[in-house]
Amino acid sequence: MLLSNLKHTLSFLLVGALLLPSCQQHAATGTTDTATTPAASTEAPIANPVLAGDYPDPSVTKIGDTYWATATTSNWGAIFPLLKSKDLTNWQLVGHVFPDGPPAWADYYFWAPEISEDGGKVYVYYTAHRKGGPLSVGVARADNPAGPYQDLGPLVGQPDGSIDAFPMRDENGVAYLIWKEDGNSANKPTPIWAQRINDAHTALTGEKTELFRNTAPWEGNLVEGVSMVRHEGYFYAFYAANGCCGRGCTYATGVARSRTLLGPWEKYAQNPILVKNDVWTCPGHGTAISRGNRWFMLHHAYNTNGFENVGRQGVLSEFRWNADGWPEFLDNHSVPTPLSANTGGRDFTDEFNGATLAPTWQWPVEEKPQFALRGGKLLLTARTDHSGAALGQSLAVADYAATTTLDPTALPASTVAGLAALGDPNNTLALLAGEGKLRLRQMKGGKPQMLGEVPVPTGKTLHLQLQARSGNQYRFSWSTDGKTWQNLPADGAAVDGSYLPPWDRGVRVGVLAQGPSTSTVGFEAFQVASLKR
């Protein structure tokens, strides 16, 4: 059994928001909410994050009577989550756009999916790295938002890269694709382009037109992540600018407007309109939406407790239209403060009794492991390379405990397995049993270092535990009964895991198995639960 004082619950406190369907009839006809100055709301305050965990670049739309959301997965599989909700407050993860692996043309960096409906079909425009080529914009299509999706291939891939696609119909109902040229990757400006897309959504046609680029001092070396709405006779382009990611990020959000889709575009003199506060920092890359007579933006931001170790979480911020027709965010132009420090925590227990693996499990996108569920165990096939075969869970808070249970006597020869904090295949921090020892191993930049070891305890049940504080301070322990715990190293000193998260994603916590590909390791249970600060 798992550590008794941890919660045995699975909750998804994922609250989303409605994205204006940019290629549906609503956008094509220009029909919009005409309330310029909404009345003061009597609804309860927004408890952020509404998408708890690593959900960068969130996109939301309404299809029929159901809301659908997706987000960046970068170098984690499965690729692009699909979540649905009837009320925008209770979300269910129902699958992924690419559940089995990358489309044939791409290999990694699966960014900025944009979900929309057009002509009875559902489209997800997305960014990925083209094999042997640049970052490119691709598109996948489905008859149902839950899938399955058919990949239609790449649409545009400029030499410096093309990213952050958004579909939009112009004032005449003609379909266009909006995207960013990734010039900042080559120390160049970052134009935002628009180009017509054919009726099949398989190719761009005609000439591209530049809408605007990074020219204002606050925008730094880039503008990106454009989403558009039509309101009161204008197209409004909400966009992010400056540095997106990591503890030194400088992201903020601005807006521009135009009477026609192809311009001329005017940037708001009061930009940026959405900036950091004490709780949430670097807000950006979101989608503006209306719900009744209220307007919101669903975007990502870092919580200052945990920062990049937890990742960029989904935050909902409300704005209103001022007398001059520009959007102004409430709460002093800042993202709302959560109702409590642990709002959005997600506890998770898996005793592997189902027929399939829970959809919240993730893996390195280029190294999908082989696994099976049988007899109440997760059977994970080992890998020899990097840190081994890995499965992990995204974290929603910076303070948590994770445990797993295995039988050390059943470990195959030359195989180690256990519990780990996972940054990427070359950066992990793991408590591993095998070869007669229990070791704490730090893998940093692909180079392993042992931080402590003891003989493997006798018996067929071994509980392994990891506790994290402030996102990057890790302590490890082990137990044979789940009640009495021994630290490793023995002094219980915290290990600094600030090196773990890559620049564009958060840490996962999960299980590892390293050894020959003929080895299979059985994990009996896994649990992660929030800790009080």
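Source: prediction; values computed, not measured. Numbering of residues begins at 1 and proceeds along the displayed sequence.
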Query - Test of ring centre spacing under 6.0 Å for F98 and Y126 - result: yes
Report task. Indicate yes or no for a side-chain donor-acceptor contact from D160 to the backbone of G183 under 3.5 Å, with no hydrogens or angles considered. Result -> no
**Report entry** pair M228-L211: side-chain heavy atoms closer than 4.5 Å
**Finding:** yes
Query raised in the report: Which value, rounded to the nearest 0.5 Å, describes the distance between E114 atom CD and S227 atom OG?
Result: 7.0 Å
Query raised in the report: Where does the angle between the aromatic ring planes of F319 and F238 fall among parallel (under 30°), tilted (30 to 60°) and perpendicular (over 60°)?
Result: tilted
**Report entry** Test log, rule side chain to side chain contact (heavy atoms under 4.5 Å, CB included), inputs Y55 and L298
**Finding:** CA-CA 11 Å; Y55 285 95; L298 178 65; over 6 Å; no
Requested in this report: Would you check if the distance from the ring center of Y123 to the ring center of H201 is below 6.0 Å?
Outcome: yes
Query raised in the report: At their closest point, which heavy atom of H96 faces which heavy atom of P359, and how far apart are they?
Result: CE1-O, 3.4 Å
Query raised in the report: Are side-chain heavy atoms of N303 and Q313 found at a separation under 4.5 Å?
Result: yes
Query raised in the report: Which heavy atom in A128 sits nearest to a heavy atom in A106, and how many Å separate them?
Result: CB-CB, 3.6 Å
Query raised in the report: Does D182 offer a backbone N or O that forms a donor-acceptor pair with the side chain of S185 under 3.5 Å?
Result: yes
Query raised in the report: Quick check, are the ring centers of W295 and W321 under 6.0 angstrom apart?
Result: yes
**Report entry** Validation row: R230, M168 side chains within 4.5 angstrom (heavy atoms)
**Finding:** yes
Query - Student check: side-chain heavy atoms of V315 and V50 closer than 4.5 Å - result: no
Query raised in the report: Within a radius of less than 6.0 Å around CZ of R469, do more than 12 heavy atoms belonging to other residues, nucleotides or ligands occur?
Result: yes
Report summary line: CH2 of W111 to CG of N75, rounded to nearest 0.5 Å, is 8.5 Å
Requested in this report: For residues F307 and T281, determine if any side-chain heavy atom of one lies less than 4.5 Å from a side-chain heavy atom of the other.
Outcome: yes
**Report entry** D399/K532 salt bridge by N-O under 4.0 Å criterion
**Finding:** no
Requested in this report: Report yes or no: does Q195 contribute a side-chain atom to a donor-acceptor pair with the main-chain N or O of G206 at less than 3.5 Å?
Outcome: yes
Report task. Check step by step if side chain to side chain contact (heavy atoms under 4.5 Å, CB included) holds for C245 and Y302. Result -> CA-CA 9 Å; C245 307; Y302 287 110; 3.8 Å; yes
Query raised in the report: Is there a donor-acceptor pair closer than 3.5 Å between any side-chain N or O of T73 and the backbone N or O of F80?
Result: yes
Query raised in the report: Side chains of T287 and M297: closer than 4.5 Å at any heavy-atom pair?
Result: no
Requested in this report: Would you check if the side chain of Y125 reaches a backbone N or O of V137 as a donor-acceptor pair within less than 3.5 Å?
Outcome: no
Report task. Identify whether NZ of Lys or CZ of Arg in R257 sits under 6.0 Å from the centre of the six-membered ring of W326 and within 45° of that ring's axis. Result -> yes
Report summary line: In terms of heavy-atom contacts, A237 and V226 come closest through CB-CG1, 4.0 Å
Requested in this report: Just do the side chain to side chain donor-acceptor pair (under 3.5 Å) check on D504 and S74 with the steps written out, would you?
Outcome: CA-CA 8 Å; D504 69 327; S74 192; 2.5 Å; yes
Query raised in the report: OG1/T205 to CG/D199 distance, rounded to the nearest 0.5 angstrom?
Result: 9.0 Å
Query raised in the report: Going through the distances and angles, do E328 and Y268 end up as a side chain to side chain donor-acceptor pair (under 3.5 Å)?
Result: CA-CA 11 Å; E328 291 186 349; Y268 187 30; 3.3 Å; yes
Query raised in the report: Looking only at atom types and distance, does a side-chain atom of D347 sit under 3.5 Å from a main-chain N or O of S530, one as donor and one as acceptor?
Result: yes
Query raised in the report: Within a reach of under 6.0 Å around CG of D143, are more than 12 heavy atoms found that belong to other residues, nucleotides or ligands?
Result: no
Query - Check: G225 main-chain N/O paired with D164 side-chain donor or acceptor under 3.5 Å - result: yes
Report task. Using only the SG atoms, decide whether C244 and C282 are less than 2.5 Å apart. Result -> no
**Report entry** Non-hydrogen atoms of A194 and W179 that approach each other most closely
**Finding:** C-CZ3, 4.3 Å
Query raised in the report: Is there a donor in the side chain of T260 and an acceptor in the side chain of E171, or the other way round, less than 3.5 Å apart?
Result: no
**Report entry** Ionic contact status for D54 with R508, cut-off 4.0 Å
**Finding:** yes
Requested in this report: Show your reasoning for whether side chain to side chain contact (heavy atoms under 4.5 Å, CB included) applies to N472 and L500.
Outcome: CA-CA 8 Å; N472 59 19; L500 287 172; over 6 Å; no
Report task. May I have the step-by-step check of side chain to side chain contact (heavy atoms under 4.5 Å, CB included) for Y400 and V509, ending in yes or no? Result -> CA-CA 10 Å; Y400 61 89; V509 63; 4.3 Å; yes
**Report entry** Aromatic ring proximity, centroids under 6.0 angstrom, H285 and Y251
**Finding:** no
**Report entry** Interatomic distance, E224 atom CD to D57 atom CG [nearest 0.5 angstrom]
**Finding:** 8.0 Å
**Report entry** No-hydrogen, no-angle side-chain donor-acceptor test under 3.5 Å, D350 and W361
**Finding:** yes
**Report entry** Residue that, paired with H129, satisfies ring pair (Phe, Tyr, Trp, His ring centres under 6.0 Å) out of F110, Y109, W105, Y108
**Finding:** Y108
Query - Distance in Å, Y176 OH paired with F166 CZ, rounded so as to fall on 0.5 Å steps - result: 16.0 Å
**Report entry** Any side-chain heavy-atom pair of N221 and T190 under 4.5 Å
**Finding:** no
Requested in this report: Could you tell me whether the side chain of N48 and the main chain of L316 form a donor-acceptor pair under 3.5 Å?
Outcome: yes
Requested in this report: Measure the CG-CD distance between L422 and Q362 for me, rounded to the nearest 0.5 Å.
Outcome: 10.5 Å
**Report entry** Within-4.5 Å side-chain heavy-atom neighbours: D118 and P167
**Finding:** no
Report task. Test Y239 against F212 for ring pair (Phe, Tyr, Trp, His ring centres under 6.0 Å), laying out the working first. Result -> CA-CA 11 Å; Y239 64 92; F212 56 88; 5.2 Å; yes
**Report entry** Within 45° cone and under 6.0 Å: R259 NZ/CZ vs Y234 ring
**Finding:** yes
Query - Cationic N near anionic O, under 4.0 Å, R130 to D107 - result: no
Requested in this report: Report yes or no: does S136 contribute a side-chain atom to a donor-acceptor pair with the main-chain N or O of P134 at less than 3.5 Å?
Outcome: yes
Query raised in the report: In terms of heavy-atom contacts, does NZ of K267 have more than 12 from other residues, nucleotides or ligands at under 6.0 Å?
Result: yes
Query raised in the report: What are the two closest heavy atoms between S317 and H299, and how far apart are they?
Result: OG-NE2, 2.8 Å
Query raised in the report: Between I63 and E117, what is the shortest heavy-atom contact and its length?
Result: CG2-OE2, 3.5 Å
Query raised in the report: So, does T253 use its side chain to make a donor-acceptor pair with the main chain of P283 at under 3.5 Å?
Result: yes
Query - SB check R294 E318 (cutoff 4.0 Å) - result: yes
Query raised in the report: Heavy-atom count around N144 CG within 6.0 Å, excluding the residue itself: above 12?
Result: yes
